[in-house]
Amino acid sequence: MRRTYAQGMTTSSGGNITLRDEDGDQWVTPSANDKATVSQDLILKVDGQGKIEGKKPISSEYPFHRRVLETRPDLNAVYHAHPKAIVGFSFAQIAPDMKVIPKYSDYVGRINVAEYACPGTEDLAGNIAKEFADGCDAAILSNHGIVTGAGSVEEAFVKTELIERTARMEILAKSNGLEWIYPDHPDAYKNAARQVLLMEEYEPEKPSEKELEARTLICKWANRAYKKNLCGTLDGSFAMRVTKNSFVITPANVDRMNMQPDDCVLIRAGKREKGKTPDDSAILFQTIFDTHADLNYALMASPVSIMVFAITDRDFPVKVIPESYQMLRELPKMEFGTWQNDPRKVAGQVRENRPVVLFRNDCLLSVGRSEFKSFDRLEVADYTAQSIFDSEMIGALVPLSKQAIKDIEDKFFKGEV
């Protein structure tokens with residue numbers, strides 16, 4: 001609940017969570033309590049007979065939590081929040097189009113829209129339960145917010161986070177008059193996950209100092225990317241070279257905010273550390289590091305602003321600010337599924353002086369000689385994207401002049417091959 005507030009997904013008094021444990025007891029957040037400081041001792045217990053135990057009044061929205069859990073015994077967590085973009089969709093009484101990002105759509109599933117009723121009433125509880133009975137795991141509450149259900153609180157949170165990120169992309173695209181595109185083969189990304197699971201394993205040895213440093217740095221930059229809203233809880237991928245034929249990479253399905261060095265996975269000579277599953281990007285990063293001896297770091301992420309260029313046909317104009325042109329050089333697009341199915345093609349596309357690629361309906365890839373450069377390029381891409389959209393709300397975008405471009409090229413690019 002504190003994290004929900006910290007991520008801007010609800011206000012101080014808004015939002016509530018219920019978790020059903022293995023004994024069938026339900027644990028519920030209190031009513032009218034500051035979500036930034038709510039503590040474990042304030043969580044209420046509702047036993048199987050409906051008896052309530054706790055120091056504070058139970059959440060006023062508990063009726064719909066109870067009804068959803070009664071309706072869907074396969075769910076253990078009910079999560080309610082008021083993320084800004086989703087609330088905007090709730091005013092329009094429609095759901096975001098998740099199919100524009102296939103990996104998000106597959107994780108979230110179908111989203112229904114529940115009819116409005118006064119908060120805290122049995123009428124609202126019935127309206128929401130009806131939608132969950134229809135098979136959805138998320139419901140936009142008309143003129144209110146969102147409810148998600150899952151096997152765990154963490155999973156429900158991630159679903160809400162992905163819906164909010166997609167909603168923000170859709171709002172940015174539509175407010176700038178852009179039409180989005182859909183991938184021809186939306187399940188292509190699953191190939192990478194299969195390939196990673198097929199990687200041979202090896203017994204890990206005592207880590208070297210460089211490996212330990214790489215694990216620490218991977219966690220540091222993944223954590224920063226999450227805090228800066230450059231990636232989501234599970235969808236940022238980071239890798240750092242350790243030796244000529246080994247690198248450390250983020251693990252699959254581990255929280256980017258709380259990830260620890262021991263969670264990271266060492267890939268050595270194409271084999272993965274025993275008992276661990278690396279991110280789906282492991283084979284791509286392996287191919288990039290094998291192809292380019294001077295590249296030591298790679299990352300993939302899906303920041304909201306730059307992703308608008310990935311889900312539409314609009315090209316990204318890098319020559320609008322010196323930093324963007326200097327850091328990114330260009331920002332080519334590659335088709336959805338390319339990095340999963342043809343990593344060699346991607347490795348041939350990137351190098352230190354052509355370090356970024358945008359994959360349609362998927363993510364941004366950034367590579368570099370250092371972790372700082374790769375991360376900086378990610379930030380510059382997303383910051384510039386947001387500034388482009390902001391500028392077009394107040395006037396026509398004016399790119400750098402030919403002389404300004406020549407000056408940048410003479411100062412920063414001269415002598416490059």
Side-chain angles (χ1 to χ4, degrees), residues 7-9 83-92 94-101 104 161-183 225 228-232 235-236 300-336 354-366 375-409 412-413:
Q7 289 300 108
M9 293 170 67
K84 299 182 189 75
I86 290 175
V87 168
F89 274 81
S90 83
F91 294 166
I94 57 175
D97 186 354
M98 300 297 294
K99 291 181 180 179
V100 75
I101 310 288
Y104 290 4
E161 180 183 67
L162 295 179
I163 297 168
E164 173 70 359
R165 291 172 70 83
T166 308
R168 287 167 60 199
M169 293 176 199
E170 187 169 335
I171 289 169
L172 261 180
K174 284 188 172 181
S175 63
N176 285 274
L178 302 173
E179 293 293 328
W180 50 81
I181 53 176
Y182 298 94
K228 297 280 287 183
N229 289 314
L230 297 169
C231 73
D235 68 343
M300 299 175 78
S302 306
V304 167
S305 298
I306 195 65
M307 281 299 295
V308 175
F309 291 90
I311 65 173
T312 68
D313 276 326
R314 182 170 182 183
D315 292 327
F316 183 84
V318 296
K319 300 175 183 178
V320 290
I321 182 174
E323 184 183 40
S324 173
Y325 187 33
Q326 177 193 349
M327 297 294 296
L328 308 179
R329 308 299 179 93
E330 56 183 297
L331 188 52
K333 289 184 188 179
M334 300 187 83
E335 290 303 313
F336 178 84
R354 194 167 61 193
V356 289
V357 174
L358 192 60
F359 297 99
R360 291 185 183 275
N361 305 95
D362 197 337
C363 64
L364 177 87
L365 166 69
S366 174
F375 188 87
D376 194 24
R377 287 161 177 159
L378 171 68
E379 277 194 315
V380 168
D382 196 54
Y383 276 47
T384 305
Q386 182 60 58
S387 296
I388 288 167
F389 295 132
D390 289 346
S391 74
E392 292 177 339
M393 298 298 289
I394 57 176
L397 185 150
V398 179
L400 293 169
S401 67
K402 290 183 179 180
Q403 184 60 51
I405 292 169
K406 183 178 183 302
D407 291 343
I408 293 169
E409 293 172 344
F412 297 104
F413 304 167

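These values consider heavy atoms only, across backbone and side chains, with no hydrogens, waters or symmetry-generated copies. Everything numeric here is computed off the predicted structure, so don't read it as measured data.
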What's the separation between atom [atom1] in [X] and atom [atom2] in [Y], rounded to the nearest 0.5 Å?
X	Y	atom1	atom2	answer
Cys363	Leu358	SG	CG	8.0 Å
Ile101	Leu162	CD1	CG	10.0 Å
Met169	Leu178	CE	CG	14.0 Å
Phe413	Ile405	CZ	CD1	10.0 Å
Arg377	Leu365	CZ	CG	11.0 Å
Cys231	Met300	SG	CE	12.5 Å

Taking the side chain as C-beta and beyond, is there a heavy-atom pair between [X] and [Y] under 4.5 Å?
X	Y	value
Glu170	Phe89	yes
Pro355	Leu328	no
Ile321	Ser387	no
Asn229	Gln7	yes

Hey, are Tyr383 and Glu323 close enough side-chain-wise for a donor-acceptor pair under 3.5 Å?
no
With no hydrogens and no angle check, do the side chains of Asp390 and Gln386 hold a donor and an acceptor under 3.5 Å apart?
yes
Worked check of side-chain contact (heavy atoms from CB on, under 4.5 Å) between Ile306 and Phe316
CA-CA 8 Å; Ile306 195 65; Phe316 183 84; 3.5 Å; yes
So does [Y] get a backbone contact from the side chain of [X], meaning a donor-acceptor N/O pair under 3.5 Å?
X	Y	answer
Thr384	Ser324	no
Glu330	Arg354	no
Glu392	Asn176	no
Glu335	Phe359	no
Lys228	Glu379	no
Arg165	Ser302	yes
Asp382	Ser305	yes

For [X] against [Y], the heavy-atom pair lying closest together:
X	Y	result
Pro83	Glu164	CB-OE1, 3.1 Å
Leu331	Val318	N-CG1, 4.0 Å
Lys99	Tyr182	O-CD2, 3.9 Å
Ala85	Arg168	CB-CG, 3.5 Å
Val308	Thr312	O-OG1, 2.8 Å

Near Lys333 NZ, under 6.0 Å, is it more than 12 heavy atoms from other residues, nucleotides or ligands?
yes
Hits for side-chain contact (heavy atoms from CB on, under 4.5 Å) against Ile181, two or more places apart or cross-chain, chain-then-number order -> Asp313, Arg360, Asn361
With sequence neighbours left out, write down each residue that passes side-chain contact (heavy atoms from CB on, under 4.5 Å) with Val87, or none if nothing qualifies.
His82, Ser90, Phe91
How are the rings of Phe309 and Phe389 set to each other: parallel, tilted or perpendicular (split at 30° and 60°)?
parallel
Do any pairs count as a side chain to side chain donor-acceptor pair (under 3.5 Å) and have a residue in residues 394-408, sequence neighbours left out, and if so which ones?
Gln403-Asp407, Lys406-Asp410
Check the pair Leu397, Ile388 against side-chain contact (heavy atoms from CB on, under 4.5 Å), reporting the backbone distance first and the verdict last.
CA-CA 7 Å; Leu397 185 150; Ile388 288 167; 3.6 Å; yes
Apply side-chain contact (heavy atoms from CB on, under 4.5 Å) to the pair Met98 and Ile163, showing each step before the final yes or no.
CA-CA 7 Å; Met98 300 297 294; Ile163 297 168; 4.2 Å; yes
Go through Arg329 and Val356 one step at a time and tell me if the side-chain contact (heavy atoms from CB on, under 4.5 Å) criterion holds.
CA-CA 8 Å; Arg329 308 299 179 93; Val356 289; over 6 Å; no
